[in-house]
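First comes the structure, then the notes that go with it.
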There are 2 protein chains.
Amino acid sequence: MCNNFSKTVKIMISQTEENYLKAIFKLSEATQKPINTNAISVEMNTAAASVTDMIKRLSDKELIHYEKYKGVKLSQKGKTIATDLVRRHRLWEVFLLEKLGFAWDEVHDVAEELEHIKSDKLIDSLDSFLDFPKFDPHGDPIPDSDGNIQSRQQTLISKLEVDECGVLVGVYEHSKVFLQYLDKLGLNLGVNIKVLEKVDYDQSVKVLINETKEEIISKKVSQNLFIKTTTS
Amino acid sequence: MCNNFSKTVKIMISQTEENYLKAIFKLSEATQKPINTNAISVEMNTAAASVTDMIKRLSDKELIHYEKYKGVKLSQKGKTIATDLVRRHRLWEVFLLEKLGFAWDEVHDVAEELEHIKSDKLIDSLDSFLDFPKFDPHGDPIPDSDGNIQSRQQTLISKLEVDECGVLVGVYEHSKVFLQYLDKLGLNLGVNIKVLEKVDYDQSVKVLINETKEEIISKKVSQNLFIKTTTS
DNA sequence: ACATATTTTTAGACAAGTCTAAAAATATGT
DNA sequence: ACATATTTTTAGACTTGTCTAAAAATATGT
Ligand SMILES: [Mn+2]
Ligand SMILES: [Mn+2]
Ligand SMILES: [Mn+2]
Ligand SMILES: [Mn+2]
């Protein structure tokens with residue numbers, strides 16, 4: 001009658017599985033629709049056939065919902081794991097930048113490895129050591145230990161009108177070249193931005209940086225910069 | 001005639017291979033003789049057959065010298081990799097203790113994972129961030145970035161005579177139980193030790209800790225504590 | 001020196017994660 | 001509606017790292 005264990009069989013999740021979950025999580029941010037095999041294979045840089053294999057494994061472990069030929073969605077369990085991975089990734093990025101003097105274009109690759117270290121004590125101590133940062137070096141929000149992600153109200157520069165202004169709070173693209181180019185333009189997180197002119201011909205935008213420097217940024221750049229508008 | 005590239009084919013070494021090299025390195029500290037398969041299988045907690053497989057791979061990569069049935073020795077290349085791994089392990093242990101508030105019995109397991117993160121910039125920045133520590137939380141020396149290991153002059157308590165004294169600078173065993181027991185006895189690194197009495201019957205030792213507290217430690221404990229003797 | 005015990009290697013199998021090539025299902029355009 | 005293009009899955013193979021059971025080599029004791 002007794003001996004009624006509630007077997008909390010803590011399933012093991014490999015580093016590779018974690019990475020797939022994170023990829024699906026990322027792709028899910030842009031849409032509500034199921035994520036298809038090809039999109040994952042592009043994101044993960046693997047053959048579509050490998051993705052199908054992995055999808056089956058993740059589905060067996062109930063980390064995703066999967067119907068043949070219909071794509072996948074994260075289950076609640078999968079979402080939790082992915083969010084936790086994102087938390088770890090972003091906390092390590094803050095550590096590398098703040099404590100070890102890395103530049104914002106150098107943190108991602110190392111965090112990609114550090115994020116897989118499994119220790120709750122480690123990550124919670126790190127969080128506290130860093131003084132509970134809310135955003136990572138690219139302006140992305142850091143989920144708290146319960147998985148809550150602060151939602152940001154922000155706009156792409158490309159969507160602003162002339163004379164609107166605000167603070168640069170994030171970047172959409174994370175590539176090294178892009179981040180280094182922003183450094184060259186003096187576009188670090190926190191600078192003040194005012195839209196001076198929107199060029200009809202090629203959708204480039206002339207902006208005023210920190211009330212002092214004028215720069216023309218291409219359409220492409222303007223679509224990758226998040227601004228928190230200030231109603232001044 | 002030209003086109004004489006010195007192909008520095010940076011061979012990839014997996015986490016598992018690194019762990020085997022470290023195990024062989026550790027076993028080599030106690031002896032000059034070749035390390036045999038069985039010893040490695042015990043250290044790595046794997047079947048002897050698995051060790052033989054891995055030995056072949058490491059030998060193919062010229063990380064060890066291997067003769068069938070004769071055991072293995074690290075090559076220069078292997079020694080360099082193992083030393084670097086030990087450096088990373090011990091630096092991470094210092095980080096966990098000093099910066100994240102881990103206890104000395106908690107650092108090892110996490111460092112076991114962190115040591116495999118591959119980034120020279122990471123580990124050198126960490127070294128600098130920690131102010132170039134020379135010893136880890138267990139008193140083990142930290143190799144510098146060129147692989148030089150500071151040799152310690154130290155003695156096991158079991159080898160001291162009555163009235164000799166010194167400072168506790170290291171532990172031989174690293175297990176959680178042992179370290180926690182030392183905490184209970186107040187035997188942290190840095191305390192002053194004086195040998196008050198050596199009991200013939202069971203080789204236990206009565207010591208004076210920091211000129212104030214007397215404790216009797218068993219033979220086994222006394223064989224696991226390194227003292228740097230002070231000629232007072 | 002030789003029988004016995006121990007250690008090491010081989011043989012064969014398995015799981016995870018990857019690939020390419022081919023087949024099957026779905027989507028698209030006229 | 002149907003031919004064509006695209007996407008997804010299957011089939012079969014490979015690598016790394018592991019295992020057990022059995023065979024081969026080495027070590028040991030009298
Ligand atoms: Mn990143
Ligand atoms: Mn980031
Ligand atoms: Mn350790
Ligand atoms: Mn240590």
Side-chain angles (χ1 to χ4, degrees), chain A residues 9-24 27-28 30-31 33-73 78 81-82 85 112-113 115-116 118, chain B residues 9-24 27-28 30-31 33-73 78 81-82 85 112-113 115-116 118:
Chain A
V9 182
K10 192 151 194 182
I11 50 159
M12 284 301 287
I13 288 151
S14 74
Q15 214 160 293
T16 313
E17 289 170 329
E18 280 191 335
N19 282 332
Y20 272 91
L21 290 176
K22 195 174 63 163
I24 297 166
L27 294 166
S28 303
T31 171
K33 282 180 278 182
I35 310 303
N36 27 270
T37 306
N38 253 12
I40 300 171
S41 85
V42 169
E43 178 70 27
M44 290 295 295
N45 218 332
T46 54
S50 310
V51 173
T52 303
D53 280 355
M54 180 55 82
I55 277 175
K56 283 181 196 154
R57 272 194 289 273
L58 295 175
S59 183
D60 287 348
K61 291 189 174 181
E62 296 184 294
L63 299 168
I64 56 177
H65 302 298
Y66 169 52
E67 258 186 283
K68 258 192 190 181
Y69 295 102
K70 305 281 174 178
V72 303
K73 280 188 177 189
I81 291 165
L85 191 60
E112 209 57 47
E113 296 187 49
E115 68 189 2
H116 298 289
K118 279 177 197 29
Chain B
V9 182
K10 192 150 194 181
I11 50 161
M12 284 300 288
I13 289 152
S14 74
Q15 216 160 292
T16 313
E17 289 168 331
E18 280 191 335
N19 283 333
Y20 272 91
L21 290 176
K22 196 174 62 161
I24 298 166
L27 294 167
S28 303
T31 172
K33 282 181 277 184
I35 309 303
N36 23 269
T37 306
N38 253 12
I40 300 171
S41 86
V42 169
E43 178 69 27
M44 290 295 296
N45 217 333
T46 54
S50 310
V51 174
T52 303
D53 281 354
M54 180 54 84
I55 276 176
K56 283 182 197 153
R57 273 195 287 274
L58 295 175
S59 182
D60 287 347
K61 291 189 173 181
E62 296 184 293
L63 299 168
I64 56 176
H65 303 298
Y66 170 50
E67 259 186 284
K68 258 192 190 179
Y69 294 101
K70 306 281 174 179
V72 303
K73 280 186 177 190
I81 291 165
L85 190 61
E112 210 57 47
E113 295 187 49
E115 67 189 2
H116 298 289
K118 279 176 196 30

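A, B, ... follow the sequence lines: proteins, then strands. Residue 1 opens every chain.
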Next on the checklist: Go through it in stages, so that I can follow the logic: the residues are Thr46(B) and Ile40(B), the test is side-chain contact (heavy atoms from CB on, under 4.5 Å), and I'd like the CA-CA distance, side-chain angles, deciding distance and then a yes or no.
Outcome noted: CA-CA 8 Å; Thr46(B) 54; Ile40(B) 300 171; over 6 Å; no

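- Within 4.0 Å (heavy atoms only), Asn36(B) reaches sugar-phosphate atoms of the nucleic acid but no base atom.
- Across all their heavy atoms, Ala39(B) and Ile35(B) have their closest contact at CB-CG2, 4.3 Å.
- To the nearest 0.5 Å, atom CD1 of residue Ile13(B) and atom NE2 of residue His116(B) are 12.0 Å apart.
- Considering every non-hydrogen atom in both Ser59(A) and Ile64(A), the closest pair reads N-CG1, 3.6 Å.
- Every stem involving DNA chain C, taken as at least 3 paired positions in a row under the Watson-Crick or G-U wobble test at 3.5 Å, is listed here: C:1-30 with D:1-30.
- A residue-by-residue look at Tyr69(A) and Glu17(A) shows that Glu17(A) has its nearest nucleotide of DNA chain C further toward the 5' end.
- Spacing between atom NE2 of His116(B) and atom C1' of dG17(D) amounts to 14 Å, rounded to whole angstrom units.
- Counted within 6.0 Å of NZ on Lys118(A), heavy atoms from surrounding residues, nucleotides or ligands total more than 12; the atom is thus considered enclosed.
- Neither OP1 nor OP2 of dT18(D) sits under 4.0 Å from any side-chain N or O of Thr46(B).
- Across the protein-nucleic acid pair, Asp60(B) atom CG and dT15(D) atom C1' stand 14 Å apart, rounded to whole Å.
- Rounded to whole angstrom, the span from the CD atom of Gln15(A) across to the P atom of dG17(D) amounts to 13 Å.
- In this structure, Ser50(B) reaches the bases: a heavy-atom distance under 4.0 Å links it to at least one base atom across the strands shown.
- Here the OG1 atom belonging to Thr31(B) is positioned 8.0 Å from the NZ atom belonging to Lys73(B), to the nearest 0.5 angstrom.
- Residue contacts shown for Lys70(B) are absent, as no nucleic acid heavy atom lies under 4.0 Å away.
- If you measure from atom CG of Asp53(A) to atom P of dC14(D), you get 16 Å, rounded to the nearest angstrom.
- Taking 4.0 Å as the cutoff to heavy atoms of chain B, we find the contact window on DNA chain C bounded by dT7(C) to dT10(C).
- Within the model, atoms CG of Leu63(A) and OH of Tyr20(A) stand 14.0 Å from one another, a figure rounded to the nearest 0.5 Å.
- Among the protein residues, Thr37(A) comes within range of the sugar-phosphate backbone only, with heavy atoms under 4.0 Å from sugar or phosphate atoms but none that close to a base.
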Checklist entry - Do Lys22(B) and Glu112(B) pass the side-chain contact (heavy atoms from CB on, under 4.5 Å) test, and can you show the C-alpha distance, the side-chain angles, and the key distance before you say yes or no? => result CA-CA 11 Å; Lys22(B) 196 174 62 161; Glu112(B) 210 57 47; 2.6 Å; yes

Checklist entry - Step by step, would you call Met54(A) with Met44(A) a side-chain contact (heavy atoms from CB on, under 4.5 Å)? => result CA-CA 11 Å; Met54(A) 180 55 82; Met44(A) 290 295 295; over 6 Å; no

